[in-house]
Amino acid sequence: MKRVVIIGGGAAGLMAAHSAAENADAQTEILIIEKNERPARKVMITGKGRCNVTNNCDTETLISSTLKNPRFLYSAFSLFSSADTQSFFEKHGVKLKTERGNRVFPVSDKAVDIVDALASVTRFKNVKLINATAIEVLQEEGRISKVKLSNGELIKADAVIIATGGMSYSVTGSTGDGYRFAKELGHTITKIKPSLVPLECHEGFCSRLSGLSLKNVTLSVFEEGKKKPIFSEMGEMLFTHFGISGPLVLSASSHIKKMGEKQYKAFIDLKPALSEEQLDSRILRDFSERINKDFVNSLDMLLPKSLIPIVVRLSGIPDNIKVNNITREQRQALCRLLKKFPLTITAFRPIEEAIITSGGVSVKEIDPTTMQSKLVSGLFFAGEIIDVDALTGGFNLQIAFSTGYLAGKNVLRCEDL
């Protein structure tokens, strides 16, 4: 009996098991080692529990939406595309729908349906899922030989797929074990940092605005020394006790490459649908309807209540001045502030709060057409452990599915099996 051991029962590991099981003969056993009692815990919490399972797009869009080492994924995306992912889940009884930004969700809006479809791999007679913790992957003469468990048990392995995830959301089991396994086997681990993560800001008023959600605003982020923004998009965001978060902020974070080395400023266009001239006309109209009111009491139709005192202070306009006494210059300064509300980014939030981890096993040491290690025979990688990451919108789960499928298919072709 030949044995394939998959370490990690998440999106990549379970898809690898499916792919391997579909192509395995009766003499091949596929063993999934998962430290949690239930597999795919991280999938359960993605998309706020709805699971943005993929993005309904072509391969070139998948490539262009990958921020780190995109070309490495060309074979994986070509073999198992977004359309293949959707077909897989539909085949397993999960009806899907496409929402704004081509984001694909289960019609039920329940991530558990995606998890159940992935976990159905255990229905294959030659697949076994065991609740255990792997602590070491052993090799002999450059070939995979065994996997050691925390209870001391040694499991014979003819091939191993490491699909342990990164270090983000450590409560789901992604504690960085796979990086250690890979390093002990001679692999290079590139710098690990959070990606798709909330951002800390210097301004103390963020804590006073905590919980305020902004919709249909444009967030732009500038790196010190650059005239063009490294990120600028319209969408939703929110203030927190430490700074800012929400979809726009998570996307912006993935474009910040030199945190700690460079300074970063963020600007919020609170009224992106209006030019400065149009906004000035809007403010003039509001003022004309509140001609005898104090400035601080004149912005309720323009801004959320909690944001008004902050904007008033930053504008430099006295809060108790009557609106009919506000000068044209003061009004234009207010317009500029509303179009470019400033924030100073100081840090990423801890990696435990990140959606994904940036960095991992160097792609130079992995065959992109098989996901097999170039250093150790019978060793494969899949998912977030590899040094690839992408934008929000279902792209990172697609990377997990594509690399998992490719690894699972090729593990059976490994010369050691």
Side-chain angles (χ1 to χ4, degrees), residues 48 100 197-222 229-253 263-347 349 353:
K48 298 180 180 178
R100 180 177 55 85
V197 66
L199 298 171
E200 296 182 4
C201 295
H202 169 75
E203 287 75 14
F205 59 70
C206 287
S207 61
R208 298 201 295 278
L209 293 172
S210 183
L212 173 63
S213 178
L214 301 176
K215 296 183 178 181
N216 299 318
V217 298
T218 295
L219 178 69
S220 300
V221 176
F222 289 81
I230 59 170
F231 173 87
S232 186
E233 283 186 15
M234 180 188 286
E236 299 178 21
M237 59 173 289
L238 73 149
F239 287 96
T240 69
H241 67 282
F242 54 76
I244 51 177
S245 187
L248 273 180
V249 176
L250 298 181
S251 293
S253 72
Q263 298 296 315
Y264 291 88
K265 292 283 290 186
F267 295 94
I268 307 170
D269 185 344
L270 295 164
K271 300 294 175 183
L274 302 176
S275 66
E276 279 194 29
E277 292 76 15
Q278 290 171 324
L279 181 57
D280 187 39
S281 298
R282 161 71 190 276
I283 292 171
L284 268 175
R285 187 174 71 248
D286 287 354
F287 282 0
S288 68
E289 295 172 359
R290 297 165 174 77
I291 198 162
N292 291 315
K293 284 196 171 187
D294 292 344
F295 175 50
V296 72
N297 297 320
S298 68
L299 301 174
D300 53 304
M301 295 296 289
L302 193 65
L303 297 169
K305 184 177 180 180
S306 60
L307 189 57
I308 291 174
I310 309 298
V311 166
V312 169
R313 180 170 63 82
L314 293 178
S315 73
I317 303 171
D319 60 356
N320 60 351
I321 190 175
K322 300 299 181 184
V323 294
N324 58 333
N325 290 326
I326 292 176
T327 67
R328 180 170 179 267
E329 290 73 19
Q330 288 175 320
R331 201 177 63 245
Q332 289 178 337
L334 174 62
C335 287
R336 289 193 294 272
L337 175 62
L338 297 180
K339 295 292 288 181
K340 232 182 162 182
F341 186 87
L343 292 165
T344 307
I345 299 169
T346 56
R349 287 297 286 170
E353 297 179 28

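What you see is a predicted model, and the numbers here were worked out from it, not measured in a lab.
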Taking Ser298 for its side chain and Lys293 for its backbone only, find out whether a donor-acceptor pair lies under 3.5 Å.
-> no
For the residue pair Val311 and Leu334, establish whether any side-chain heavy-atom pair is separated by less than 4.5 Å.
-> yes
Heavy atoms only: give me the nearest Leu303-Leu270 pair and the separation to one decimal.
-> CD2-CD1, 4.2 Å
Chi angles and distances behind the side-chain contact (heavy atoms from CB on, under 4.5 Å) call for Arg290, Met301 | CA-CA 11 Å; Arg290 297 165 174 77; Met301 295 296 289; 2.6 Å; yes
Measure across Pro342 and Phe205 and return the closest heavy-atom pair with its distance rounded to 0.1 Å.
-> O-CZ, 4.1 Å
Mind checking whether Gln330 and Pro318 have side chains closer than 4.5 Å, heavy atoms only?
-> yes
Are any side-chain N or O atoms of Glu203 and backbone N or O atoms of Thr344, one a donor and one an acceptor, separated by less than 3.5 Å?
-> yes
Heavy-atom pair of closest approach, residues Leu219 and Ala266 = CD1-CB, 4.1 Å
Could you tell me whether Glu236 atom CD has more than 12 heavy atoms of other residues or ligands within 6.0 Å of it?
-> yes
Non-hydrogen side-chain atoms of Cys201 and Thr346 separated by less than 4.5 Å | no
Closest non-hydrogen atom pair, Met237 against Leu248 = CB-CB, 4.3 Å
Check the pair Asp269 / Lys340 against salt bridge (charged side-chain N to carboxylate O under 4.0 Å, His left out), numbers first and verdict last.
-> CA-CA 5 Å; Asp269 185 344; Lys340 232 182 162 182; over 6 Å; no
Reported CD1-to-CG distance for the pair Ile310 and Leu337, which is rounded to 0.5 angstrom = 11.0 Å
Are the side chains of Ser315 and Phe295 in touch, meaning some heavy atoms are under 4.5 Å apart?
-> yes
May I ask you to test the Val323-Asp286 pair for a side-chain heavy-atom distance under 4.5 Å?
-> no
Compare every heavy atom of Ala273 with every heavy atom of Gln278, then report the nearest pair and how far apart it is.
-> OE1-O, 3.9 Å
Give, for atom CD1 of Ile283 and atom CG of Leu299, the distance between the pair rounded to the nearest 0.5 Å.
-> 7.5 Å
Nearest 0.5 Å, what's the CD1-CG distance between Ile268 and Leu214?
-> 6.0 Å
Enter the distance from Arg336:CZ to Arg331:CZ here, rounded to the nearest 0.5 Å.
-> 11.5 Å
Where Asp294 and Asn320 come nearest, the two heavy atoms and their spacing | OD1-O, 3.2 Å
Atom CZ of Phe231 and atom OG1 of Thr218: how far apart are they, to the nearest 0.5 Å?
-> 9.5 Å
Donor-acceptor contact below 3.5 Å, side chain Lys339 vs main chain Lys271 = yes
Can the positive tip of Lys265 be found less than 6.0 Å from the middle of the six-membered ring of Phe222, inside 45° of the ring normal?
-> no
Evaluate the criterion side-chain contact (heavy atoms from CB on, under 4.5 Å) for residue pair Leu307 and Phe341; output intermediate values, then yes/no.
-> CA-CA 11 Å; Leu307 189 57; Phe341 186 87; 4.1 Å; yes
To the nearest 0.5 angstrom, please state how far the CD1 atom of Ile244 sits from the CG atom of Leu209.
-> 11.5 Å
For residues Leu199 and Tyr264, determine if any side-chain heavy atom of one lies less than 4.5 Å from a side-chain heavy atom of the other.
-> no
